Amino acid sequence: MADPLPGRAKRPVSAALAGPYGHPFHPILVTVPIGAWVGSLVFDVASHLVHDPAVLARGAMWLIALGVIGALVAALVGFLDLFAIPPGTRAFRVGLLHMTLNLLVTAAYAGNFLWRHAGHGPAGSVGAGMVTLNAVSLAVLGVSGYLGGKLAYRYGVRVADETTQAEGFAPLPHHPDRSAG
């Protein structure tokens, strides 16, 4: 049965919390954990290449913590976006998988932070197990990001409808041709 409101996935459940029509908050919020976690992996690897690895190891640990906090905030807003998608649709199923992978990645990074924070915290270069967990978590995050892109760019979740998008491609009234002259 078709959704009686086909544009429902484009409109926010709460514009104040999830962002107004055509301007969702979730995509901008995810840049915090993605950037923090990519940075933490760079610091992990760099901790094996510098004279004082503890500084980078501590930096990576705190970047992971920042990423976990940012991911939880992004997840709250993303959850509101998921509620806008009609259940029983492909988009909803992809959204559930996207959410599940992101929650697993966030849990993995929270565990990685606790592992690193155990005892007196990092003293030298980051251990191979911690670097591996970081890299695998980041790879799974990449898969989830692909699914998030599919939601937005293929299924149009929380993206302005085609009529609204077409406004950006309409010719301007009497715009001189700059190529002539």
Side-chain angles (χ1 to χ4, degrees), residues 12-20 23-85 91-155 157-159:
V13 171
S14 166
L17 297 176
H23 293 279
F25 294 150
H26 181 71
I28 192 66
L29 291 173
V30 301
T31 62
V32 172
I34 292 169
W37 291 336
V38 168
S40 73
L41 184 60
V42 170
F43 279 27
D44 280 356
V45 172
S47 77
H48 292 273
L49 305 173
V50 297
H51 185 59
D52 184 14
V55 171
L56 292 175
R58 276 192 300 279
M61 181 181 72
W62 290 112
L63 281 170
I64 287 171
L66 176 66
V68 169
I69 293 165
L72 293 174
V73 172
L76 292 173
V77 176
F79 196 62
L80 290 173
D81 289 348
L82 181 64
F83 274 133
I85 303 171
F92 189 78
R93 188 171 52 202
V94 170
L96 283 176
L97 181 56
H98 173 69
M99 178 187 71
T100 301
L101 290 176
N102 284 336
L103 291 174
L104 288 172
V105 166
T106 303
Y109 273 113
N112 200 332
F113 173 81
L114 293 173
W115 186 9
R116 292 165 188 247
H117 198 264
H120 299 299
S125 59
V126 178
M130 294 173 193
V131 175
T132 301
L133 180 56
N134 193 344
V136 169
S137 298
L138 202 56
V140 174
L141 185 65
V143 171
S144 181
Y146 168 81
L147 294 173
K150 186 174 185 176
L151 286 167
Y153 296 111
R154 178 160 180 140
Y155 298 138
V157 172
R158 294 286 281 124
V159 175

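Just so it is clear, the model here is predicted, and its values are computed rather than measured. Nothing fancy with the numbering, it's 1 onward along the sequence.
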Side chains of Ser40 and Asn134: donor-acceptor distance under 3.5 Å anywhere?
yes
Under the criterion side chain to side chain contact (heavy atoms under 4.5 Å, CB included), which of Val131, Thr132, Leu63 is the partner of Asp44?
Val131
Rounded to the nearest 0.5 Å, the CG atom of Leu96 sits from the CZ atom of Phe92 at a distance of 4.5 Å
A quick test of your reading: do over 12 heavy atoms of other residues, nucleotides or ligands sit less than 6.0 Å from CG of Leu114?
yes
Please tell me if the side chains of Leu101 and Leu97 come closer than 4.5 Å, counting only heavy atoms from C-beta onward.
yes
Minimum heavy-atom separation for Ala71 and Trp37, please, with both atom names.
CB-CH2, 3.6 Å
Taking all heavy atoms of Phe43 and all of Gly59, pick out the closest pair and write down the distance.
CD2-C, 3.7 Å
Going by side chain to side chain donor-acceptor pair (under 3.5 Å), name the residues that satisfy it together with Ser144, two or more places apart in sequence or in a different chain.
His98, Asn102
Exam field: side chain His48 to backbone Ser125, donor-acceptor pair closer than 3.5 Å:
no
How about Leu141 and Ile34: do any of their side-chain heavy atoms sit closer than 4.5 Å?
yes
Tightest non-hydrogen contact, residues Leu29 and Ala74, listed as CB-CB, 3.9 Å
Please test Asp52 against Arg58 for salt bridge (charged side-chain N to carboxylate O under 4.0 Å, His left out), starting from the C-alpha separation and ending with a verdict.
CA-CA 11 Å; Asp52 184 14; Arg58 276 192 300 279; 5.7 Å; no
Is there a donor-acceptor contact under 3.5 Å from the side chain of Ser137 to the main chain of Val105?
no
From Ile64 atom CD1 to Met130 atom CE, the distance as rounded to the nearest 0.5 Å:
9.0 Å
Write down the atom of Ala57, the atom of Val126, and the distance for their closest heavy-atom approach.
CB-CG2, 3.7 Å
Residues Leu133, Trp115; criterion side chain to side chain contact (heavy atoms under 4.5 Å, CB included); working and verdict
CA-CA 11 Å; Leu133 180 56; Trp115 186 9; 4.2 Å; yes
How many angstroms lie between NE2 in His26 and CG in Leu76, if you round to the nearest 0.5 Å?
11.0 Å
How close do Leu56 and Ser47 get, counting heavy atoms only, and between which atoms?
CD1-N, 3.8 Å
To the nearest 0.5 Å, what is the distance between CE (Met61) and CG (Leu66)?
12.5 Å
Answer yes if the ring centres of Tyr109 and Phe113 are under 6.0 angstrom apart, and no otherwise.
no
List the atom of Pro24, the atom of Asp81, and the distance in Å for their closest heavy-atom pair.
CB-OD2, 4.3 Å
